Every structure is written in structure tokens, then in C-alpha cells.
Amino acid sequence: MSAVHLDAGHLEVAEAPTTPGTELGSPATGVAVPGTAAPPAGRAYAVARVGDVPPGEGRAFVAGGVQVAVFRLRDGSLHATQAACPHAGGPLADGQTDPDVLVCPLHLYGFRWSDGSSTGGVGPVRVHPVREVDGMLVIDV
């Protein structure tokens with residue numbers, strides 16, 4: 001993966017996931033990344049090429065030891081959340097989306113892209129800033 005540079009701030013290429021069976025930039029298979037400390041707040045990581053997430057879909061990646069779900073909506077907008085649903089740990093990257101809400105595939109709880117709040121009475125999800133830089137998906141954790 002080639003280096004990505006930002007005009008301001010710090011950017012790192014996402015480190016190799018510690019989840020067994022995954023490669024750098026590949027979808028993460030688990031929720032927790034054992035044995036990793038929390039990353040410093042506000043660090044930016046290039047997790048994949050934009051084309052690695054097809055329009056209308058989501059994919060899970062590891063950024064700074066944190067598993068995240070990154071989505072590219074059909075309108076081209078990018079969104080990112082924590083990888084696991086707060087209700088029962090469902091894989092949010094497999095959820096359904098629209099321009100306003102992400103729906104967990106397990107029990108259909110919805111979460112607003114704007115602030116991560118729940119539409120159905122469970123706890124919120126953490127949302128992460130995500131953007132395209134030189135063809136790469138860059139996420140702040």
C-alpha cells in the first residue's frame with residue numbers, strides 16, 4: 001500500500017491487524033483486537049483504497065488497533081462507525097444503509113450517521129470521521 005499524505009495533521013498507514021487470518025487492508029474478521037492498546041486520539045489511518053468498498057456497501061477494517069466499519073453509500077458519501085453493534089455485537093459492516101441511518105443486520109437496530117444515536121432504544125455507536133485522500137480511505141480514530 002502506498003503512503004498517503006495530508007496537508008495538516010498526522011496520517012499513518014493502518015498497521016497489520018492482529019486478528020488471525022487477516023492482511024493489511026483486508027476486512028477484519030473479529031470485533032476485538034486482543035493485545036492492542038487504544039490508539040492516540042485523533043490519529044488518521046489509511047485503511048484501504050476507495051474501490052475496496054463498493055458503492056452501497058460496508059467493510060470492516062482495523063485502524064490503529066480499532067476495528068471500524070467503513071461505508072460508501074450509493075450517493076458516494078463515506079461514513080464510518082465502530083465495527084460492532086452495542087446491542088449484541090452484530091457486524092455493522094454487513095448492515096443496510098440509507099443516507100441517514102445504518103441498520104444492524106442482527107436485530108435491525110438503527111443508528112444515525114449524524115451522531116451515532118440509536119433510532120430504537122439501544123446505546124449509540126461511535127462514528128469516526130472518514131474521507132478520501134489520493135484514492136485512499138482515511139479514517140480518524
Side-chain angles (χ1 to χ4, degrees), residues 1-6 8-141:
M1 181 180 298
S2 62
V4 175
H5 303 284
L6 289 177
H10 178 81
L11 176 69
E12 296 179 17
V13 173
E15 71 274 5
T18 57
T19 305
T22 61
E23 301 291 331
L24 177 64
S26 68
T29 57
V31 173
V33 180
T36 58
R43 295 301 276 278
Y45 296 89
V47 295
R49 291 178 195 86
V50 172
D52 293 339
V53 181
E57 295 186 23
R59 296 288 186 270
F61 299 98
V62 177
V66 175
Q67 291 198 351
V68 296
V70 179
F71 299 84
R72 186 161 63 131
L73 302 188
R74 294 195 186 280
D75 67 4
S77 64
L78 299 171
H79 298 277
T81 68
Q82 67 192 48
C85 178
H87 170 246
L92 291 177
D94 294 338
Q96 297 295 311
T97 64
D98 72 19
D100 300 312
V101 176
L102 162 65
V103 177
C104 178
L106 290 186
H107 300 105
L108 305 180
Y109 284 104
F111 303 95
R112 292 178 187 88
W113 290 125
S114 60
D115 61 4
S117 63
S118 172
T119 62
V122 298
V125 294
R126 182 170 180 200
V127 292
H128 298 279
V130 62
R131 61 203 171 278
E132 179 181 350
V133 176
D134 297 330
M136 301 295 292
L137 292 171
V138 176
I139 186 166
D140 296 336
V141 293

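Every value quoted in this text rests on a predicted model; they were computed, and no experiment measured them. In what follows, residues are counted from 1 in the order of the sequence shown.
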For [X] and [Y], work out which heavy atoms get closest and say how close.
{"X": "A63", "Y": "V141", "result": "O-CG2, 3.6 Å"}
{"X": "C104", "Y": "G90", "result": "SG-CA, 4.1 Å"}
{"X": "A44", "Y": "V138", "result": "CB-CG1, 3.9 Å"}
{"X": "M136", "Y": "A46", "result": "CE-CB, 4.3 Å"}
{"X": "R74", "Y": "P55", "result": "NH1-O, 3.7 Å"}
{"X": "G121", "Y": "S118", "result": "N-OG, 3.2 Å"}

- Message: If we check side-chain contact (heavy atoms from CB on, under 4.5 Å) with F111, which of these qualifies: C85, P124, S117?
- Response: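 The option that passes is C85.
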- Message: Going by side-chain contact (heavy atoms from CB on, under 4.5 Å), L92 matches just one of L106, V103, L102. Which one?
- Response: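 So the option named by the test is L102.
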- Got a sec: does the CD of E132 have more than 12 other heavy atoms crowding it under 6.0 Å?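 Result for CD/E132: enclosed.
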- What's the verdict on side chain to side chain contact (heavy atoms under 4.5 Å, CB included) for L73 and W113, showing C-alpha distance, side-chain angles and the deciding distance? CA-CA 11 Å; L73 302 188; W113 290 125; 4.0 Å; yes
- Query: Do R131 and D140 touch side chain to side chain, with heavy atoms closer than 4.5 Å?
  - Reply: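 Side chain of R131 against side chain of D140, heavy atoms only: contact under 4.5 Å found.
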- Taking R59 for its side chain and V53 for its backbone only, find out whether a donor-acceptor pair lies under 3.5 Å.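 Judged by distance alone, no pair lies under 3.5 Å.
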- Message: Test your reading of the model: is there a side-chain donor-acceptor pair from Q82 to the backbone of R126, 3.5 Å cut-off?
- Response: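 Between the backbone of R126 and the side chain of Q82 there is a qualifying donor-acceptor contact (under 3.5 Å).
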- Parallel, tilted or perpendicular: ring planes of Y109 versus H87, cut at 30 and 60 degrees: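 Tilted, since the angle between the ring planes falls between 30° and 60°.
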- First locate atom CG of D52, then atom CD of E57, and finally report the distance between them rounded to the nearest 0.5 Å.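 CD of E57 is found 12.0 Å from CG of D52.
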- Query: When rounded to the nearest 0.5 angstrom, what is the spacing between CZ in F61 and CG in L137?
  - Reply: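 Going from the CZ atom of F61 to the CG atom of L137 covers 6.5 Å.
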- Task: Go through V127 and H79 one step at a time and tell me if the side chain to side chain contact (heavy atoms under 4.5 Å, CB included) criterion holds.
- Result: CA-CA 8 Å; V127 292; H79 298 277; over 6 Å; no
